[in-house]
Amino acid sequence: MAIDQQLVDFFPHTVTITPKSSVNNYGEDVHGGTARTVAAYVEPRFQLNGTNQVDELTQPVRAYINDTTLDYEDLITLADGTTPDVVSVERHDEVAGLEHSVVTFA
């Protein structure tokens, strides 16, 4: 089941999800297989400027993705071509028609 199409219309962005296929000899994840492009809403990255008394702080990017099968090891490519590190994946699949995942990036 997937999120209702009327709600997907509010997702202006797309992300491409490439599943992890294996690990190379150096212990790095290798991504391959069938990549899928899904609708998403990617929050903008906010940056608070620092002063000599306060360190600079960057808020992590969060994305609401119309997919409940993704994993934190999957490679998620944002619309701008970047592939930020995935910190967490929260699946919301309890309510029919509202299934989605919330992904937080580093």
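Only this structure's heavy atoms are used, side chains among them; waters, hydrogens and symmetry mates stay out. Residues take their numbers from the sequence shown, with the count starting at 1.
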Distance-only check: which donor-acceptor pairs under 3.5 Å involve side-chain atoms of residues 27-36, not counting sequence neighbours?
from: Glu28; atom 1: OE1; to: Asn24; atom 2: ND2; distance (Å): 3.0
from: Asp29; atom 1: OD1; to: Lys20; atom 2: NZ; distance (Å): 3.3
from: His31; atom 1: NE2; to: Glu73; atom 2: O; distance (Å): 2.8
from: Arg36; atom 1: NE; to: Asp67; atom 2: OD2; distance (Å): 2.7
from: Arg36; atom 1: NH2; to: Asp67; atom 2: OD2; distance (Å): 3.3
from: Arg36; atom 1: NH2; to: Thr69; atom 2: OG1; distance (Å): 3.2

Inter- and intrachain pairs under salt bridge (charged side-chain N to carboxylate O under 4.0 Å, His left out), touching residues 7-17, at least two apart
none
Compare every heavy atom of Ala106 with every heavy atom of Pro84, then report the nearest pair and how far apart it is.
CB-O, 4.5 Å
Contacts of Thr16 meeting side chain to side chain donor-acceptor pair (under 3.5 Å) (sequence neighbours excluded), chain-then-number -> Thr37
What closest approach, in Å, do Tyr64 and Phe11 show between heavy atoms, and which atom pair accounts for it?
O-CE2, 3.7 Å
Reference residue Ile17; test side chain to side chain contact (heavy atoms under 4.5 Å, CB included); the match among Thr77, Asp71, Val103, Ile65
Ile65
Which residues pass the ring-ring contact (aromatic ring centres under 6.0 Å, His included) test with Tyr41, not counting sequence neighbours?
His13
Do any side-chain atoms of residues 89-96 form donor-acceptor pairs under 3.5 angstrom with protein atoms, and if so which ones, sequence neighbours left out?
from: Arg91; atom 1: NE; to: Thr68; atom 2: O; distance (Å): 3.0
from: Arg91; atom 1: NH2; to: Leu70; atom 2: O; distance (Å): 2.5

Do Phe105 and Val87 pass the side-chain contact (heavy atoms from CB on, under 4.5 Å) test, and can you show the C-alpha distance, the side-chain angles, and the key distance before you say yes or no?
CA-CA 5 Å; Phe105 301 106; Val87 174; 5.7 Å; no
Given Thr83, which partner from the list Thr18, Leu75, Ile76 fulfils the side chain to side chain contact (heavy atoms under 4.5 Å, CB included) test?
Leu75
Only counting residues at least two apart or in another chain, list the ones meeting side chain to side chain donor-acceptor pair (under 3.5 Å) with Asp85.
none
